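One structure is given here, and the rest of the page talks about it.
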Protein chains: 2
Amino acid sequence: MSESDHKQEQIIETALKRFAHFGINKTTMSEIADDLSSSKASLYYYFPDKASLILAVIKHLLKIYHTEITKHFRKAGSVKEGLYSIIDIRNSFARKYFMLHLGSEGLQDITVNEQAIKTILREAEQAEITLLAELLEKDMAKGIARERDARATARTAIDMMIGLHLSSIVKKERRIIPDESHFDELTKQQKFACDLLIEGINK
Amino acid sequence: MSESDHKQEQIIETALKRFAHFGINKTTMSEIADDLSSSKASLYYYFPDKASLILAVIKHLLKIYHTEITKHFRKAGSVKEGLYSIIDIRNSFARKYFMLHLGSEGLQDITVNEQAIKTILREAEQAEITLLAELLEKDMAKGIARERDARATARTAIDMMIGLHLSSIVKKERRIIPDESHFDELTKQQKFACDLLIEGINK
DNA sequence: ATTTGACTATTTGAATAATAAAGTCAAATA
DNA sequence: TATTTGACTTTATTATTCAAATAGTCAAAT
């Protein structure tokens, strides 16, 4: 890694810390520079504008997420284990990086190319579907799972988990920072839903 | 029905039409009065303030919804048919009354007792869960469905359908009025998910 | 008991000013 | 040459004002 790349990484990680704590809108470039004991102008040497820094931070975060998911999926022996990993990792990220408001309501009135963010979120989503679909195909090959369009099924299963997350947000008071118990209950419901999905309601 | 009750009903129905078309915020009390060829002051004879009119309109709407659902549930022979009814009726309401933004993002910055609305929405939700749980219990008695906590299962199934709806909103551009095809696609995905839920992924 | 016109009180929205933050650049540094 | 910086300009956000729109009231009329 070059000197320059290293500095970029540092900026991204520092920005992420502030974003996660105070939110993107409440974080100024000067503050990030101060955290680095550097100058604002220096930041602009590495990133053309705030929007591209935000984008880089989100990409960074998605990379971590993907690494984590991949690690778990290598150990997962079934679709169920895969889905459980997605639930746990997603919720731990949601807890940690709630202030970023990725997905759900967020990113509104942020001066950023919303389309670009949508695109990389979409890509991350596709990668996740692929991983789960592969697991499902293995289960189908083993004769554990019924034959069925693996991608469509994986996509719907993930959408359901995301959907339950969104449902839980909507039911809470708006604009309130959720507490630990909120995520605990959500995880419980998602796993219950997951079990339903896996086992099926009918005999 | 007394004369007074009749006038109240008229006001509610007129208000609903305007709310559905232009949204609650863009509808003034004067406009509602004009639609009724009446005076604004007259409205205030029947409703103490705008907030209580809004609440009455939402209650009215939920009553219609509940009637519709109940009608379908009497004919439904299985949980699957029940869930399909919920999907169809919910989506038809979402199409028709989108401008009210019930659930999802909406109701923000409306001068109304948000807690009161949450409460009646919660009640409506509970009633719906009860209906679906009854159907599920019948299926369990018939030996079609596995034995399982009927209420928790019904609740999760409905939450999933709502969740998929929310997912679809989040994935679209924000603050855009959705078109027909959006709801068509949503319905399709919800039914696919419903089938998964019912049949189960595994053999 | 209900309706109304004429009223007041509140809220909203547009315009403006003040402030803060984004973004630039020539000169300095290493 | 690559990087950093303080001082700068530009752009965006926030606070403030004020007129217009809307909510809400009430005594008099039906």
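Convention: sequence-line order gives letters A, B, ...; per-chain numbering from 1. Treat the numbers as computed from the prediction; the structure is a model and nothing was measured.
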Side chain to side chain contact (heavy atoms under 4.5 Å, CB included) evaluation trace for A/Asp149 with A/Arg151: CA-CA 6 Å; A/Asp149 180 339; A/Arg151 256 196 108 70; 3.8 Å; yes
Nucleotide of C/dA1, D/dT4, D/dA23 approaching A/Lys7 most closely (side-chain heavy atoms): D/dT4
Interatomic distance where CZ belongs to A/Phe22 and C1' belongs to C/dA21 [whole Å]: 17 Å
Side chain proximity check, B/His66 to B/Leu62, heavy atoms < 4.5 angstrom: no
Pair assignment for C/dG23, Watson-Crick or G-U wobble, requiring both distances under 3.5 Å: D/dC8
Closest-nucleotide 5' rank along DNA chain C - winner of A/Pro48 and A/Glu31: A/Glu31
Phosphate-side-chain proximity, B/Tyr45 and C/dT3, N/O vs OP1/OP2 below 4.0 Å: no
Atom CD of B/Gln126: over 12 foreign heavy atoms under 6.0 Å: yes
Side-chain touch A/Glu114/A/Lys118, heavy atoms, less than 4.5 angstrom: yes
A/His21 side chain vs A/Phe19 backbone, donor-acceptor pair below 3.5 Å: no
Spacing of A/Gln10 atom CD relative to D/dT3 atom P, expressed in whole Å: 13 Å
For C/dA30, the Watson-Crick or wobble counterpart (both distances under 3.5 Å): D/dT1
Sugar-phosphate only, base, or nothing, as touched by A/Tyr46 at under 4.0 Å among non-hydrogen atoms: sugar-phosphate
Under 3.5 Å on both distances, the Watson-Crick or G-U partner of D/dT30: C/dA1
Passing candidate, salt bridge (charged side-chain N to carboxylate O under 4.0 Å, His left out) with B/Arg95, options B/Asp179, B/Asp88, B/Asp184: B/Asp184
Rounded distance (Å) that lies between atom P of D/dA23 and atom CZ of B/Phe47: 15 Å
Whole-Å distance separating the CE atom of A/Met29 from the P atom of D/dC8: 21 Å
Whole angstrom value for the distance that separates C1' of C/dA21 from CD1 of A/Ile24: 16 Å
Any donor-acceptor N/O pair, A/Arg148 side chain to B/Leu196 backbone, under 3.5 Å: no
Spacing between B/His6 atom NE2 and C/dT2 atom P, to the nearest angstrom: 13 Å
Rounded interatomic separation in angstrom, taking CD1 from A/Ile54 and C1' from C/dA22: 11 Å
Of residues 35-43 of chain A, the positions that come close to DNA chain C - non-hydrogen atoms, cut-off under 4.0 Å: A/Lys40, A/Ala41
Nearest to side-chain heavy atoms of B/Asp49, which nucleotide of D/dA23, D/dG24, D/dA2: D/dG24
Between C/dA22 (C1') and A/Lys26 (NZ): distance, integer Å: 16 Å
Any B/Tyr44 side-chain N or O less than 4.0 Å from OP1/OP2 of D/dT25: no
